[in-house]
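One structure is given below, encoded as structure tokens.
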Amino acid sequence: MPELPEVETIRVALDPLLVGRTVVDAEAHPSAKFASAPAALGSTITGVRRRGKYLLADLRTPDDTAAELVVHLGMTGQLRPDLAPDGPHVRAWWQMDDGATLVFRDIRRFGRIAVVAAGDHRSLPTLAALGPEPFSDAFTPDGLWRALARSTTRVKTQLLGQRVVAGVGNIYADEALWRAGIAPATRRVGRDRATRLHGAVRDALAVGLANGGTTLRDYRTVSGEPGRNQSALACYGRGGLPCARCGAVLRRSVVDGRGTTSCPRCQH
DNA sequence: GGCTGGCCCTGTACGC
DNA sequence: TGCGTACAGGGCCAGC
């Protein structure tokens, strides 16, 4: 499930392959989630950015206007130049003027593709309302505390909601809450705990980024390699195993419908 | 306006 | 071996 570290790893690899290239052919699955991919036809890619879990390719269209190709990888999405466009689970592809073809493969079809006018994210409400980037100056301990205090929703669900901070999914939410010593179902987070959580979010994401992302099943880098962060996880997916901090058995539970692992002793 | 829960989607694991 | 069922979960939306 690609979260910020996985999407950023993909972005870094795609940037040199795509910037300066013009899309000369494209095709998409008829589903409304993917059907607008060919709208990038004729456009030149001028940059590849990331916002939260969204990849944004800046486009200069044939009539010289600015647009964006927005890609969300969902749970099983991959962007690969080494896959055949007619292969299984391919939902879209774009052929570039250098002959390379970027293929979007998405087994479960939870991904999404949109071509929009630059900055016009009205058709993507989560992107439009995205919170601060976790490594930006806009993400502060005080801002996180205030954002969390505005709601009584469980802290893990708030992290997953993308509004208090962008780019955190189920894996890194569990990891960050474990690092901060906060129980995932907590509804009230005070200033001190928000400060701990702020650092923990950054730390968990930074480790994931340094390891090229977490591969549990489907995530692959642009070159098809798995990430290396799965062996660095302290909490997510380790239910039934001892907590690396206190030795208690990590507990598997469901928080607002999401599978969750936490330590019953050191996460309060 | 905030919150909750259901839906989408398909491969895998598991029980019978 | 084959079938049916549960489960995984990010984003969106309807309903309260």
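Here is the naming used below: chain letters follow the sequence lines, and residue numbers restart at 1 for every chain. We use all heavy atoms of the structure for the numbers below, so side chains are in, but hydrogens, waters and symmetry mates are not. Keep in mind that this is a model prediction, so the values were computed, not measured.
- Residue A:Val116 is found in a hydrophobic cluster whose other members, listed by chain and number, are A:Tyr54, A:Leu56, A:Val70, A:Leu124, A:Leu127, A:Leu130; membership requires side-chain heavy atoms under 4.5 Å apart, directly or through intermediates.
- Distance check: A:Glu6 CD to A:Arg50 CZ gives 11.0 Å after rounding to the nearest 0.5 Å.
- The distance between atom CZ of A:Arg163 and atom P of C:dG11, rounded to the nearest whole Å, is 12 Å.
- Going from atom CD1 of A:Ile113 over to atom P of C:dG11 covers 15 Å, rounded to whole Å.
- Among residues at least two apart or in separate chains, side-chain hydrogen bond (donor to acceptor under 3.5 Å, both in side chains) pairs with a member in residues 137-154 of chain A are A:Asp142-A:Arg146, A:Asp142-A:Arg191, A:Ser151-A:Thr153, A:Arg154-A:Asp256.
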Margin query: The test is side-chain contact (heavy atoms from CB on, under 4.5 Å); show your working for A:Lys33 and A:Arg91 and say whether it passes.
Written below: CA-CA 9 Å; A:Lys33 289 181 165 187; A:Arg91 311 305 179 191; over 6 Å; no

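- Atom pair A:Leu160:CG and C:dA8:P shows a separation of 14 Å (rounding to whole Å applied).
- A heavy atom closer than 4.0 Å to some atom of DNA chain B occurs in A:Ser151, A:Thr152, A:Thr153, these being the qualifying members of residues 141-154 of chain A.
- Residue contacts for A:Arg187: at a heavy-atom cut-off of 4.0 Å it reaches the sugar-phosphate backbone alone, with no base atom in range.
- Each of A:Asp25, A:Leu102, A:Leu83 was compared with A:Trp93 under the side chain to side chain contact (heavy atoms under 4.5 Å, CB included) criterion, and only A:Asp25 meets it.
- Per the geometry, NZ belonging to A:Lys156 stands 18 Å off P belonging to B:dC3, to the nearest Å.
- Residue A:Arg238 qualifies as enclosed at atom CZ: its count of foreign heavy atoms under 6.0 Å is above 12.
- Considering only side-chain N and O atoms, A:His72 lies under 4.0 angstrom from the phosphate OP1 or OP2 of C:dG11.
- Side-chain N/O atoms of A:Ser43 and A:Thr61 include no donor and acceptor closer than 3.5 Å.
- Atom-to-atom distance recorded for A:Leu241:CG and A:Arg252:CZ is 12.0 Å, nearest 0.5 angstrom.
- Hydrophobic cluster of A:Leu250: the remaining members, joined at side-chain heavy-atom separations below 4.5 Å, are A:Trp178, listed by chain and number.
- When the P atom of C:dG10 is taken as reference, atom CG of A:Leu130 falls 14 Å away, rounded to whole Å.
- For A:His89, the listed nucleotide lying nearest its side chain is B:dG11; candidates were C:dG11, B:dG11, B:dT4.
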Listing time: all N or O pairs from protein to nucleotides 5-9 of chain B that are below 3.5 Å?
| residue | atom | partner | partner atom | Å |
| --- | --- | --- | --- | --- |
| B:dC9 | O3' | A:Arg109 | NE | 3.4 |

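- Here B:dT10 presents its P atom at 17 Å from CG of A:Leu73, a figure rounded to the nearest Å.
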Next item on the list: Determine, stepwise, if the pair A:Tyr172 / A:Leu159 fulfils side-chain contact (heavy atoms from CB on, under 4.5 Å).
Entry: CA-CA 9 Å; A:Tyr172 297 98; A:Leu159 288 177; over 6 Å; no

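- No engagement by A:Phe34 is indicated, since no non-hydrogen atom pair under 4.0 Å with the nucleic acid exists.
- Between A:Gln158 atom CD and B:dC3 atom P there is a gap of 7 Å when expressed in whole angstrom units.
- The end-to-end axis angle of the helix from B:dG2-C:dC16 to B:dC16-C:dG2, rounded to 10 degrees and based on five pairs per end, is 50°.
- Within 6.0 Å of CG on A:Asp192 lie no more than 12 heavy atoms contributed by other residues, nucleotides or ligands.
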